[in-house]
**Q** 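The structure is given below, and queries will be raised subsequently.
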2 protein chains.
Amino acid sequence: MGRDQAMSEKKRLSPQERERQIVDEAIRFFAEQGFGGQTRELAKRLGITQPLLYRYFSSKEALIERVYQDVFVGRWKENWQSLITDRSQPIRQRLLRLYGEYAEVIDNREWVRILILAGMKGESLNRRYLDQVREKIIEPLCREMRFEAGLPDPDTLPLDEAERDLVWSFHGTFIYRGIRKWVYGIPVMEDSDTIVETAVTAFLEGAPAALSAILADRLD
Amino acid sequence: MGRDQAMSEKKRLSPQERERQIVDEAIRFFAEQGFGGQTRELAKRLGITQPLLYRYFSSKEALIERVYQDVFVGRWKENWQSLITDRSQPIRQRLLRLYGEYAEVIDNREWVRILILAGMKGESLNRRYLDQVREKIIEPLCREMRFEAGLPDPDTLPLDEAERDLVWSFHGTFIYRGIRKWVYGIPVMEDSDTIVETAVTAFLEGAPAALSAILADRLD
DNA sequence: GATGGTATTTATCAAACGATAAACAAATAA
DNA sequence: TTATTTGTTTATCGTTTGATAAATACCATC
């Protein structure tokens with residue numbers, strides 16, 4: 001009543017625009033409600049009717065699949081792997097940059113919650129994402145830590161499971177902070193630079209000792 | 001056909017037995033399916049009819065509430081806090097024992113997944129659990145780290161946010177391993193003693209340096 | 001400005017789902 | 001044996017929910 005034209009007066013968007021709009025809102029929506037969220041409410045938020053969703057996605061599952069794509073695949077930076085292995089820079093420097101960027105991606109409600117939701121649902125795409133993390137971050141970083149500690153290359157002396165675990169734990173430091181903040185709603189340290197510096201310092205100081213302990217009995 | 005008596009031939013259990021049975025299965029069931037799991041399927045697993053659930057719990061929500069109680073409240077060990085503050089033992093020893101026990105509780109599919117599910121749902125009980133972790137583990141451990149590093153007591157020099165963050169990250173090491181294993185289904189190191197030792201070693205070696213860096217400008 | 005294509009809505013279905021009431025049956029007591 | 005209690009099932013209700021088909025309205029083109 002009064003003025004019918006509220007905010008988004010535009011109707012009849014182009015298919016590209018509408019699809020983009022739906023996906024963007026779906027990411028926010030499912031991140032909040034979980035994948036149990038109803039298509040009707042999603043439509044309501046978009047200011048469209050529920051059947052219109054099915055013009056763009058054949059099923060709710062298809063829409064969820066698309067959400068995965070946009071969140072996981074779309075936000076991975078290709079330079080991360082090469083950043084780790086660039087020995088022209090000191091390891092500390094490399095880690096500060098890598099996890100500075102990574103922390104930015106993680107510090108996002110949708111990213112964290114959808115990662116968790118996908119895990120709980122046991123989606124294969126989620127598995128592929130973590131394979132990527134392992135292959136392109138964890139394993140290379142293990143190799144660099146060997147190098148820094150003056151220990152044999154993984155090609156010579158295969159990685160111990162405990163070594164990967166140590167690096168996963170360091171990596172997890174940042175993920176777990178995201179979970180504390182975006183899943184549990186606990187206040188966390190917000191100064192990104194300090195966060196990364198503290199974590200990297202603790203890791204570089206602590207890892208060599210742990211590494212020696214792990215490999216002690218395997219070295220002659 | 002043939003023998004109708006399959007496995008659990010017992011019918012008409014006592015209210016206590018039946019309730020216990022329902023809660024136990026509900027924990028497993030919801031941990032797998034999420035809280036969207038249907039009461040009909042839960043009943044099917046129990047070999048009972050769906051309406052019987054409502055004889056024991058007034059609603060699905062009430063059953064979920066009970067699941068929280070059993071998982072979070074029921075599995076907290078009271079000795080953990082006193083273990084940390086017992087300075088008659090070296091800090092390394094204390095941490096090995098505490099997280100040895102804690103790791104046992106965590107290494108449980110139901111515990112990890114229900115903790116996550118509760119977080120995603122934003123339940124207050126979940127919040128209370130994490131308050132307990134902070135109050136009875138994180139804060140005391142911060143105090144002990146100050147002591148070990150020969151730094152002023154938190155009563156004298158209040159804790160910096162970054163200090164809590166550092167300890168949360170150490171704590172998260174164990175949680176994140178549980179998430180990797182029970183949410184993402186990634187293989188993790190299974191030797192509990194080695195896990196704890198590696199994590200504690202890395203923490204005790206790395207934390208002092210990080211702590212000094214954090215407090216550098218606040219100390220005279 | 002009529003026409004055709006298509007983005008969007010209206011109307012509706014069928015199954016899923018939480019919940020309730022009444023009927024049934026197993027144990028206990030008289 | 002009969003009576004009484006109560007654990008359990010059968011039958012069913014009212015919504016909710018993903019999905020489809022037909023009708024409608026916006027927009028470009030001739």
**Q** Could you walk me through whether B:F174 and B:Y102 pass ring-ring contact (aromatic ring centres under 6.0 Å, His included), step by step?
**A** CA-CA 8 Å; B:F174 301 95; B:Y102 202 67; 7.6 Å; no

**Q** Would you check, one step at a time, whether the test salt bridge (charged side-chain N to carboxylate O under 4.0 Å, His left out) holds for A:E144 with A:R94?
**A** CA-CA 11 Å; A:E144 295 307 307; A:R94 283 178 263 164; 3.0 Å; yes

**Q** Considering non-hydrogen atoms only, spot the tightest contact between B:L46 and B:Q21 and give its length.
**A**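 Result for this residue pair: CD2-O, 3.5 Å.
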
**Q** Quick check: on DNA chain C, is the nucleotide nearest A:Y56 upstream (toward 5') of the one nearest B:G36, or the reverse? Name the residue that is more 5'.
**A**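 Of the two residues, A:Y56 wins.
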
**Q** Between C:dA7, C:dG18, D:dA11, which nucleotide has the shortest distance from any of its atoms to the side chain of B:P51?
**A**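 When the side chain of B:P51 is considered, D:dA11 is the closest of C:dA7, C:dG18, D:dA11.
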
**Q** Taking NZ from B:K44 and C1' from D:dT9, how many angstroms apart are they, rounded to a whole number?
**A**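 So the two atoms are 17 Å apart, to the nearest Å.
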
**Q** Report the nucleotide, chosen from C:dG18, C:dA11, D:dT9, that has the shortest atom-to-atom distance to any side-chain atom of B:L52.
**A**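 Nearest nucleotide to the side chain: D:dT9.
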
**Q** Find the distance A:L46:CG to C:dA7:C1' and express it as a whole number of Å.
**A**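 One finds 15 Å between C1' of C:dA7 and CG of A:L46, rounded.
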
**Q** DNA chain D: B:R40 or A:Y54, which has the more 5' nearest nucleotide?
**A**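 On the 5' side of the pair lies B:R40.
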
**Q** Round to the nearest Å and state the distance from B:I48 atom CD1 to C:dC24 atom P.
**A**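 The answer, rounded to whole Å, is 21 Å.
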
**Q** What contact category does B:S14 fall into here, base, sugar-phosphate, or nothing, at under 4.0 angstrom with non-hydrogen atoms?
**A**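 B:S14: no heavy atom of the nucleic acid under 4.0 Å.
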
**Q** Report yes if at least one side-chain N or O of B:R18 is closer than 4.0 Å to OP1 or OP2 of D:dT8; otherwise report no.
**A**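 Checking D:dT8 against B:R18, a side-chain N or O does come within under 4.0 Å of OP1 or OP2.
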
**Q** Quickly work out the B:F57 CZ to C:dG18 P distance and round it to whole Å.
**A**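 To the nearest whole Å, that distance equals 15 Å.
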
**Q** Mind calculating the distance between CD (B:Q21) and P (D:dG7) to the nearest angstrom?
**A**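 Result: 14 Å.
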
**Q** Looking at B:K121, I want to see if its NZ is surrounded by more than 12 non-hydrogen atoms of other residues, nucleotides or ligands under 6.0 Å.
**A**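 Correct, the count exceeds 12.
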
**Q** Whole angstroms only, please: what is the CG-C1' distance between A:L53 and C:dT9?
**A**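 Rounded to whole Å, this separation is 13 Å.
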
**Q** Which one, C:dA7, C:dG18, D:dG7, comes nearest to the side chain of B:P15?
**A**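 Looking only at side-chain atoms, B:P15 lies closest to D:dG7.
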
**Q** Give the rounded distance in Å between these two atoms: CD of B:Q50 and C1' of C:dA19.
**A**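 Distance, rounded to whole Å: 7 Å.
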
**Q** Are any of A:T49's side-chain N or O atoms less than 4.0 Å away from OP1 or OP2 of C:dT8?
**A**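 For C:dT8, neither OP1 nor OP2 has a side-chain N or O of A:T49 closer than 4.0 Å.
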
**Q** Choosing from D:dA25, C:dT20, D:dT12, which nucleotide comes nearest the side chain of A:R12?
**A**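 So the side chain of A:R12 is nearest to D:dA25.
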
**Q** Side chain of A:R55 only, heavy atoms from C-beta on: which candidate in C:dT8, D:dT9, D:dA19 is closest?
**A**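 The answer is C:dT8, which lies nearest to the side chain.
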
**Q** Can you tell me the distance, in whole Å, between the CD atom of A:E17 and the C1' atom of C:dT6?
**A**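 Nearest whole value for this atom pair: 15 Å.
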
**Q** Looking only at side-chain N and O atoms, does A:T201 offer a donor or acceptor that is under 3.5 Å from a partner on A:R92?
**A**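 A donor-acceptor contact under 3.5 Å links the two side chains.
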
